[in-house]
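Because the structure is predicted, anything quoted here is derived from the model rather than measured.
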Amino acid sequence: MSVSASEVKQKHHWANLKEAGTYHGFLFLLWVHKLFGRKIFSLVLYPVTLYFLLFLPVARRSSKEFLETHYQCRPSFWKKKPGYWDVLRHFFSFGQSILDKLLAWSVAMSEDEFEIADPAFLEEFLNDEKGQLIIGSHVGNLEYCRGFVQRYKSKTINILVYDQHSANFVRMMQKINSQSRIHVYQVDQLDIPTILSLKTKIDGGEWLFIAGDRIPLSGEQRTVDITFMGRTAQLPIGPYMLAKTLQCPVKLMFSYRKGKKVFFDVHPFADKVVLPRREKEVALTEYAQLFAQLLEKQCLQAPMQWFNFYPYWLDSADKQTTPSQQ
């Protein structure tokens, strides 16, 4: 039975992959940490990551492909070419990040836990009363931003998510911490009423988060081709189309664990996104490529914090494989 290329790509779209965790599973992790601490939690996590390695083939292959691509870009980072032991370490890092997400929502974080890339710019950013569009990624944990929001009681964060998995996770975290000023909105597409609502929030000085590193559910027609780690990938144009409509400052935010510290970087991106009518496609590609370059810089420093476990590049092996060949 023949399968079209578009059907193969849709089969491996990140939103169609099975959710790796459940509500009760997340609560169990939090319970283990609360009672026994991080060392025992880490011991419990090892068989879980082994399960990922053995029974999630798409995630396993995608992790190995990413690590090998990182090896090609920065061989000095590695003692030898990454193998399945490194994939296991990658999954283990992901498991630790789940705990960090839970703790970021349920426990106030101290400033001493953070390593700030640019303290002066961060302070300026936090004191800015204007609404901001913040583009994030699935590198590390953007949930760490709560550690800073605690100091600025007037700040409200709105998160746009395109898949039910993320929406379920955030809503679960809101139950753990009902006092959170983080609100989640699941959107399949940005229609006029939604955009007007977001514009009101931005005009009121609120923050709006959106991920910039995954293909939208609407498919490839809402993407542009860019170069990421020396290979061609697709990134969404949605964040830049939204920024153009909202006419607000745009920042990038990266936050991930770096040893015992949490690395935190807020990076200026654009005062306003401008999309000339005659060169709109070119401008969108330039914005997406700039995001890709800054994302790559973070990934090269911390490859184990990359949590996109699906075929990411256009020439990824899984995207070329039909279901009957797997």
Side-chain angles (χ1 to χ4, degrees), residues 1 3 5 7-33 36 38-71 78 80-102 137-141 161-170 172-173 211 213-215 217 233 256-257 299 302-326:
M1 179 178 177
V3 180
E7 288 175 316
V8 173
K9 290 181 180 180
Q10 182 65 19
K11 177 179 182 292
H12 292 301
H13 191 287
W14 58 266
N16 292 330
L17 300 181
K18 291 182 179 180
E19 189 172 6
T22 64
Y23 177 80
H24 295 293
F26 287 138
L27 290 184
F28 173 73
L29 293 177
L30 192 60
W31 175 81
V32 170
H33 178 269
F36 304 108
R38 193 150 198 140
K39 288 185 178 180
I40 299 300
F41 166 83
S42 297
L43 290 176
V44 173
L45 187 59
Y46 278 112
V48 176
T49 56
L50 183 60
Y51 172 87
F52 279 21
L53 183 70
L54 295 176
F55 298 107
L56 296 181
V58 174
R60 179 180 66 241
R61 291 192 294 267
S62 298
S63 167
K64 192 168 186 288
E65 179 183 35
F66 173 79
L67 297 178
E68 288 175 346
T69 301
H70 184 279
Y71 173 79
W78 303 86
K80 61 179 181 179
K81 185 177 180 179
Y84 286 112
W85 169 251
D86 300 292
V87 172
L88 188 66
R89 290 173 52 223
H90 197 185
F91 288 160
F92 184 81
S93 179
F94 174 67
Q96 293 284 353
S97 79
I98 296 296
L99 175 62
D100 288 333
K101 286 176 183 283
L102 296 167
S137 67
H138 294 82
V139 174
N141 278 326
V161 297
Y162 291 92
D163 63 304
Q164 188 61 44
H165 297 172
S166 296
N168 288 342
F169 180 85
V170 177
M172 181 187 72
M173 293 300 94
D213 62 334
R214 286 187 177 178
I215 296 176
L217 297 181
Y256 51 83
R257 185 160 291 282
C299 291
M304 293 298 174
Q305 294 294 313
W306 172 262
F307 301 138
N308 283 311
F309 295 113
Y310 68 95
Y312 200 78
W313 289 275
L314 286 180
D315 62 350
S316 292
D318 272 319
K319 287 185 178 178
Q320 313 304 323
T321 304
T322 63
S324 60
Q325 293 174 316
Q326 290 192 22

Quick one: [atom1] on [X] to [atom2] on [Y], what's the gap to the nearest 0.5 Å?
X     : Y      : atom1 : atom2 : answer
Ser93 : Tyr256 : OG    : OH    : 11.5 Å
Phe52 : Leu45  : CZ    : CG    : 8.5 Å
Tyr51 : Leu56  : OH    : CG    : 6.0 Å

Spell out, as yes or no, whether a donor-acceptor pair under 3.5 Å connects the side chain of [X] to the backbone of [Y].
X      : Y      : result
His70  : Ala302 : no
Asp213 : His138 : yes
Ser42  : Arg38  : yes
Thr69  : Glu65  : yes

Non-hydrogen side-chain atoms of Pro82 and Val87 separated by less than 4.5 Å: no

Those residues that, when tested against Ser97, pass side-chain contact (heavy atoms from CB on, under 4.5 Å) (two or more places apart): Phe94, Asn141, Phe307

So which heavy atom on [X] is nearest to which on [Y], and how close?
X      : Y      : result
Arg60  : Leu53  : NH1-O, 2.7 Å
Phe66  : Cys299 : CZ-CB, 4.2 Å
Lys64  : Gly83  : CE-CA, 4.4 Å
Asp86  : Met304 : O-CE, 3.7 Å
Phe41  : Val32  : CA-CG1, 3.8 Å
Arg214 : Tyr310 : CG-OH, 3.5 Å

Counterpart residues, side chain to side chain donor-acceptor pair (under 3.5 Å), relative to His33 (two or more places apart): none

Counterpart residues, side chain to side chain donor-acceptor pair (under 3.5 Å), relative to Thr49 (two or more places apart): none

CA sep, side-chain torsions, deciding dist, call: His90, Trp306, side-chain contact (heavy atoms from CB on, under 4.5 Å): CA-CA 8 Å; His90 197 185; Trp306 172 262; 4.2 Å; yes

Residue pair Gln96, Arg257: steps toward the side-chain contact (heavy atoms from CB on, under 4.5 Å) verdict: CA-CA 9 Å; Gln96 293 284 353; Arg257 185 160 291 282; 6.0 Å; no

